[in-house]
Protein chains: 2
Amino acid sequence: MSPKYKQVAEQIETDIMNHVYQHTNKLLTEDEYATKYGVSRNTVRKAIEILVNKGYVYQVQGSGVFVRDHYMSDYVNLEKLQGLTSDFSGRKVETRVLDFELTTANDEVAERMKCNVGTPVYYVKRLRLVDDHPFSVEDSYFRKDLVVYLDRNITEKSIYNYFRNDQKLAIGFADRVIYADFLNAADAELLGLNENDPALLVDNTVYLTNGQIFDVSRSTHHFRHVKMLKVSNIKS
Amino acid sequence: MSPKYKQVAEQIETDIMNHVYQHTNKLLTEDEYATKYGVSRNTVRKAIEILVNKGYVYQVQGSGVFVRDHYMSDYVNLEKLQGLTSDFSGRKVETRVLDFELTTANDEVAERMKCNVGTPVYYVKRLRLVDDHPFSVEDSYFRKDLVVYLDRNITEKSIYNYFRNDQKLAIGFADRVIYADFLNAADAELLGLNENDPALLVDNTVYLTNGQIFDVSRSTHHFRHVKMLKVSNIKS
DNA sequence: AAGTGGTCTAGACCACCGT
DNA sequence: CGGTGGTCTAGACCACTTC
């Protein structure tokens, strides 16, 4: 059972997507939502906070909550942790598994995972495509002792849905380091680009709720097809 | 007067920076902070939420709040909107104004600012350096009618502190689009790189609290010296 | 079972926007 | 001035971790 504030957030988000507030661009007041959904005002505020963080609405004290123009659909939204399918819903998202093996952590992986060299890890290399355009090449390592089981079939689909729903893994938080570098020959080939073209790289470190690292990955993105979006408030 | 939850957050942040919790990596409990600072538990929770979003701590239900390893000091933290000085506190941050003029919005700027072509804007081109290394080249436009006044001297320092503190501008939120591309010859020269090297670009759009765009900028970052960090929770 | 964070409520009062 | 979001409180109960 998902908490009330999430349910309310989803309801309001659906309304926004269905252009319910198109005339004025203004949402209902917090009190109105509280009455409508039979919850307290604080619960409504937590729900709206989620939508603010996603970049869907903005709040003006004394005035109301307003829908933002969301030209956002072509970007990877850095607020949403889920992955491509949710960023590009309604578009064709494809995954090709290029390599899958059970191996052990080398120096670099052990360093990134803060584990010992030789720790058993699953290694997965995948090519992601959106609307038939190469999108990114992704090298991932998962700690075998923490994820219990993984196979090639699972990696064809959403690995994270499997971890969350089937393995009941308690995924907590993630760091992403974003930078640019030269594209190497192998990735250039896969992305349909040239060696030494620019590449947009993301080094991802994923933690369980208890702070243990169970997954590190590096994604090399097609510099023409991929842009990332970060929305910020001043309050932070 | 800053709200209580911010003050509490700052206090706890100072404690973290001073290694007060180093032995166990564990913060006090929420109830303990509530007693210590004479506030309600919800206020403590809002304070801790800020620290979570900054990536300083993580929460484990039933267990406590724990300090994260913060190797984060070499990155531009995408959570913090303030700018280089706060990301690289303790390091030498320098700004060289390369160009400053009062002009009017051309097609591209008008499009990005969602204003009419010909709207008066300040244009500023700046080179940023950290520890004497070229860091980024930044092209900014500010709507003259919204920022009232700007001059070259102000742009040498923190433009945003001036807007916030002196002009009392109500800055609300910002979008940043992050991508990679080839470095052009002019920026390569300024950054001490070669033409067609990779570049890490950020297109920034800044809004007042009422939703009006008053600043757009494009930063071209040195791909060897700049990495950006985004920390995420699952809750979003 | 005890400790600790997560959700939720009802209500008070303040700060800001618009008329 | 009334309307609306922003801050804050005190307290209840739940969910999870730890012993």
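Just so it is clear: chains get the letters A, B, ... in the order the sequence lines come, proteins before strands, and each one is counted from 1.
One interatomic measurement links the two molecules: CD of B:Glu30 to P of C:dT7, which rounds to 11 Å at whole-angstrom precision. Between B:Asn210 atom CG and C:dG18 atom C1' there is a gap of 13 Å when expressed in whole angstrom units. Rounding to whole angstrom units, NZ of residue A:Lys6 and C1' of C:dG6 are separated by 11 Å. Across the protein-nucleic acid pair, B:Arg45 atom CZ and C:dC8 atom C1' stand 11 Å apart, rounded to whole Å. In this structure, A:Lys26 atom NZ and C:dG18 atom P are separated by 11 Å, rounded to whole Å. As a whole-Å value, the separation of B:Leu27 CG from C:dT4 P is 13 Å. Nucleotide C:dC17 holds its C1' atom 13 Å from the OH atom of A:Tyr58, rounded to whole Å. One atom, CD of B:Glu49, and another, P of C:dG6, lie 10 Å apart when rounded to the nearest Å.
A:Arg143 pairs by the salt bridge (Lys or Arg N to Asp or Glu O under 4.0 Å) definition with A:Asp145, not counting sequence neighbours. B:Phe173 is linked by a ring-ring contact (aromatic ring centres under 6.0 Å, His included) to A:Tyr58, B:Tyr207, counting only residues two or more places apart in sequence or in another chain. With sequence neighbours left out, the salt bridge (Lys or Arg N to Asp or Glu O under 4.0 Å) criterion links A:Glu32 to no other residue. For B:Tyr141, the ring-ring contact (aromatic ring centres under 6.0 Å, His included) test picks out B:Tyr123, with sequence neighbours left out. For A:Phe163, the ring-ring contact (aromatic ring centres under 6.0 Å, His included) partners at least two apart in sequence or on another chain are A:Phe142, A:Tyr160, A:Phe214. Under the salt bridge (Lys or Arg N to Asp or Glu O under 4.0 Å) criterion, A:Asp166 pairs with no residue at all, not counting sequence neighbours. Applying the salt bridge (Lys or Arg N to Asp or Glu O under 4.0 Å) rule to A:Glu30 yields the partners A:Arg41, A:Arg45; only residues at least two apart in sequence or on another chain are considered.
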List, with names and distances, any nitrogen or oxygen atoms from the protein found under 3.5 Å away from nitrogen or oxygen atoms belonging to nucleotides 9-13 of chain C.
from	atom 1	to	atom 2	distance (Å)
C:dT9	OP1	A:Lys4	NZ	2.9
C:dT9	OP2	A:Ser40	N	2.8
C:dT9	OP2	A:Ser40	OG	3.0
C:dT9	OP2	A:Thr43	OG1	2.5
C:dA10	N6	A:Asn42	ND2	2.8

Please list, pair by pair, any protein nitrogen or oxygen found under 3.5 Å from a nitrogen or oxygen in nucleotides 1-3 of chain D.
from	atom 1	to	atom 2	distance (Å)
D:dG3	N2	A:Gly62	O	2.6

Output side-chain donor-acceptor pairs under 3.5 Å for residues 9-16 of chain B, partner residues at least two apart or in another chain, one line each.
from	atom 1	to	atom 2	distance (Å)
B:Glu13	OE1	B:Lys54	NZ	3.2
B:Thr14	OG1	B:Glu10	O	2.8
B:Asp15	OD2	B:Tyr21	OH	3.1

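If you check the side chains of B:Ser232 and A:Arg176, you find a donor sitting under 3.5 Å from an acceptor.
With axes fitted over five pairs at each extremity, the angle between the ends of the helix from C:dA1-D:dT18 to C:dG18-D:dC1 is 20° (10° resolution).
Side-chain atoms of A:Arg112 come within 3.5 Å of backbone N or O of A:Ser217 as a donor-acceptor pair.
When each of B:Val60 and B:Thr209 is assigned the nucleotide of DNA chain C bearing its nearest heavy atom, the one mapping closer to the 5' terminus is B:Val60. Toward the 5' end of DNA chain C, the nearer of the two residues B:Ala170 and A:Ser2, judged by each one's closest nucleotide, is A:Ser2.
Judged as a salt bridge (charged side-chain N to carboxylate O under 4.0 Å, His left out), not a single pair has a partner in residues 147-161 of chain A (not counting sequence neighbours).
Phosphate proximity of C:dT7 to A:Tyr5: present, with a side-chain N or O under 4.0 Å from OP1 or OP2. Checking the phosphate oxygens (OP1, OP2) of C:dT7, a side-chain nitrogen or oxygen of A:Lys46 falls inside 4.0 Å.
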Please report the C-alpha distance between A:Val147 and A:Tyr149 in whole Å, then the side-chain angles of each, then the deciding distance to 0.1 Å, and finally whether the side-chain contact (heavy atoms from CB on, under 4.5 Å) criterion is met.
CA-CA 6 Å; A:Val147 305; A:Tyr149 179 74; over 6 Å; no

